[in-house]
Amino acid sequence: MPELPEVETVARDLKPLLTGKTIQGAWWSGKKLRLPWQEEWTSYVRGWAFRDVKRRAKWLVFYLGKPEEPGSDQNDFRFPKLIAHLGMTGQLTIIQGGTLGDPSSLPEDHVHLRFDLVHRPKPAVRAGGKKVGEPPGFQSLRFRDIRRFGGIHLARNQVELDTFFEKHRLGPEPWDCLLQDWKQALARTNRAIKAVLLDQTVISGVGNIYADECLHAAGIHPCRPASSLDTLEASRLLNQSGEVMRRAIENRGSTIRDYVGGENLNGRNQEFLQVYGREGLPCSTCASVLLRWTVGGRSSHFCPKCQQVPRHLGAPRKAREGRC
DNA sequence: ATGCAGTCCTGTAAGC
DNA sequence: TGCTTACAGGACTGCA
């Protein structure tokens, strides 16, 4: 399930592979996506070149430009941008006469969008009698999404991009969130802290896997009312959230089931998860058996010893049948 | 306004 | 073997 670290990995993988490439043609499966593609965009994108790839929260932004002006203003406000969300099972990979990464896995099902690419700026040159230039075979950017919770949106200019993101009211990235703002956000709600971590308008990029990891790293029970966290706990949770994300990016994200990076490679961070998917196994810190409860409608993994509710706050609200 | 449940969507796995 | 059912969850909608 792509969260901030997975989306960052895709952005880093795709940037060098896409920059300078021109969209020769596009194809859409016609299937409805959570983020709907419009048929007219299929022809609109033809002829634009990729200039840059960036990530904001769990969103990818592809900056397009004119292929004949490679040196001109990188992110001209007049130029279109493609905005992608991977949802739960979205994959954005470069296909190059086959896939990069493991060539044995080339799933062709559930492909919904394809952008066929040409590389114009550097024509093939002769070097020692051999032509050096484009590798043989086609190349394209492909969007595959089994559950169709993701999609790609076209913003025709910067204004449309800004409008799009304003609508989503995204909170800051974990490492950009000011402690003062974070404390205020927690203080004004009694929702479970886990639900607040998942709220993209408060802090962005954290999904179910990393919310559990962040809470464990900070030693905070997922059911704790956000307003019950003291300054030290709030600060610890914010700092650990940044650290957990940073480490996950270093490990190229977590592949639980469908996630692959832009080069079609699995992540490695699943090997380092401390609590997610580890119910019934011993806590790496204290060897207590890890539990799984439903918090805010999501499965939540935690250590009952490392993530205790402070004595003065009493037992977590009605811990009946593993939920709160 | 707040916070929860329901919805979308398909593959996987458990249970009978 | 083949069927039904539950579950996975990001982001949105609708309701109390």
Side-chain angles (χ1 to χ4, degrees), chain A residues 1-8 10 29-37 55-60 83-92 105 107-113 143-153 164-171 173-174 184-215 222-228 245 248 253-260 267 270 273 275-280 292-302 316-318 320-324:
Chain A
M1 297 93 198
E3 304 179 28
L4 188 155
E6 288 74 27
V7 180
E8 177 67 22
V10 172
S29 67
K31 287 270 183 69
K32 194 180 156 192
L33 302 168
R34 188 74 176 82
L35 184 63
W37 180 260
R55 178 195 59 77
R56 171 74 178 94
K58 298 177 195 172
W59 297 87
L60 284 159
I83 312 162
H85 198 291
L86 301 178
M88 303 250 327
T89 54
Q91 302 173 340
L92 266 169
S105 65
E108 290 298 323
D109 51 350
H110 308 295
V111 174
H112 295 293
L113 286 162
F143 179 69
R144 178 172 184 262
D145 189 355
I146 297 168
R147 274 138 86 172
R148 291 192 262 149
F149 276 22
I152 302 183
H153 182 86
F164 184 88
F165 278 126
E166 275 162 25
K167 199 177 69 198
H168 288 274
R169 307 167 52 79
L170 290 171
E173 310 269 321
Q184 272 178 22
L186 300 192
R188 64 171 171 252
T189 182
N190 293 320
R191 297 159 76 193
I193 184 63
K194 163 102 187 240
V196 177
L197 265 180
L198 292 174
D199 186 339
Q200 302 298 300
T201 67
V202 176
I203 191 167
S204 63
V206 183
N208 201 43
I209 295 170
Y210 296 109
D212 285 359
E213 295 298 314
C214 295
L215 287 164
C223 294
R224 288 274 303 280
S227 58
S228 77
M245 292 306 200
S254 306
T255 297
I256 304 296
R257 179 165 285 174
D258 298 298
Y259 166 74
V260 292
Q270 64 280 4
L273 296 177
V275 284
Y276 183 86
R278 294 178 48 81
E279 70 269 24
R292 180 166 72 133
W293 285 11
T294 298
V295 184
R298 297 284 170 254
S299 77
S300 303
H301 312 71
F302 66 100
R317 290 176 292 179
K318 294 287 177 293
R320 56 185 192 284
E321 291 171 46
R323 42 175 65 235
C324 63

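Since this is a predicted model, take the numbers as computed values, not measurements. By convention in this document, chain letters (A, B, ...) are assigned in the order of the sequence lines, proteins followed by strands, and residues within each chain are numbered from 1.
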[X] has an atom [atom1]; how far is it from atom [atom2] of [N], in whole Å?
X: A/His153; N: C/dG10; atom1: NE2; atom2: P; value: 22 Å
X: A/Leu198; N: C/dA11; atom1: CG; atom2: P; value: 9 Å
X: A/Ile146; N: B/dT10; atom1: CD1; atom2: C1'; value: 8 Å
X: A/Lys194; N: B/dG3; atom1: NZ; atom2: P; value: 17 Å
X: A/Ile256; N: C/dC7; atom1: CD1; atom2: P; value: 19 Å
X: A/Tyr276; N: C/dC7; atom1: OH; atom2: C1'; value: 10 Å
X: A/Lys32; N: B/dC8; atom1: NZ; atom2: P; value: 9 Å
X: A/Asp199; N: C/dC12; atom1: CG; atom2: C1'; value: 12 Å

Presence of donor-acceptor pair under 3.5 Å, side chain of A/Arg298 and base of C/dG10: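 Between C/dG10 and A/Arg298, which were checked side chain against base, a qualifying N/O pair under 3.5 Å is present.
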Confirm from the modelled atom types if A/Arg147 and C/dA8 form a donor-acceptor pair under 3.5 Å, side chain to base only.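 Flag set: donor-acceptor pair detected.
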Using modelled atom types only, decide if a donor and an acceptor are shared between the side chain of A/Gln200 and the backbone of A/Gly171 within a distance under 3.5 Å.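 Not confirmed, A/Gln200 side chain does not pair with A/Gly171 backbone.
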Quick check: does any side chain N or O of A/Glu213 sit under 3.5 Å from a backbone N or O of A/Leu273, one acting as donor and the other as acceptor?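 Absent.
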OP1 or OP2 of [N] less than 4.0 angstrom from a side-chain nitrogen or oxygen of [X], does that happen here?
X: A/Lys167; N: C/dC12; result: no
X: A/Gln200; N: C/dA11; result: yes
X: A/His85; N: C/dA11; result: yes
X: A/His168; N: C/dC12; result: yes
X: A/Arg292; N: C/dA8; result: yes

Would you mind reading off the bend of the helix from B/dT2-C/dA16 to B/dC16-C/dG2 from its two end axes, five pairs each, to 10 degrees?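 Angle reported: 50°, given to the nearest ten degrees.
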If you look at every strand shown and take non-hydrogen atoms under 4.0 Å, does [X] touch a base, only sugar-phosphate, or nothing?
X: A/Arg34; value: base
X: A/Gly207; value: sugar-phosphate
X: A/Thr189; value: sugar-phosphate

Which comes earlier along DNA chain B counting from the 5' end, the contact point of A/Lys31 or that of A/Gly297, where each point is its nearest nucleotide?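 Nearest nucleotide further toward 5': that of A/Gly297.
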Between A/Arg257 and A/Arg188, which has a closest nucleotide on DNA chain B that is more 5'?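 Final value for this comparison: A/Arg188.
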Indicate whether any N or O donor in one side chain lies under 3.5 Å from an N or O acceptor in the other, for A/His112 and A/Asp145.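 Note: A/His112 and A/Asp145 side chains miss the donor-acceptor criterion.
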So, A/Ser204 and A/Arg56: side-chain donor and acceptor under 3.5 Å apart, yes or no?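 Yes, A/Arg56 and A/Ser204 have a side-chain donor paired with an acceptor closer than 3.5 Å.
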Among A/Leu86, A/Thr89, A/Asp109, A/Val260, exactly one meets side-chain contact (heavy atoms from CB on, under 4.5 Å) together with A/Arg144. Which residue is that?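 The passing option is A/Asp109.
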For the student: nearest non-hydrogen atoms of A/Asn208 and A/Glu3, plus distance: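 So the two residues come closest at N-OE2, 3.4 Å.
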ring-ring contact (aromatic ring centres under 6.0 Å, His included), paired with A/His85, selected from A/Phe143, A/Trp59, A/Phe165: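 The residue from A/Phe143, A/Trp59, A/Phe165 that satisfies ring-ring contact (aromatic ring centres under 6.0 Å, His included) with A/His85 turns out to be A/Trp59.
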Which distance, rounded to the nearest 0.5 Å, do you find between the CZ of A/Phe164 and the CD1 of A/Ile83?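 If I round to the nearest 0.5 Å, the distance is 4.5 Å.
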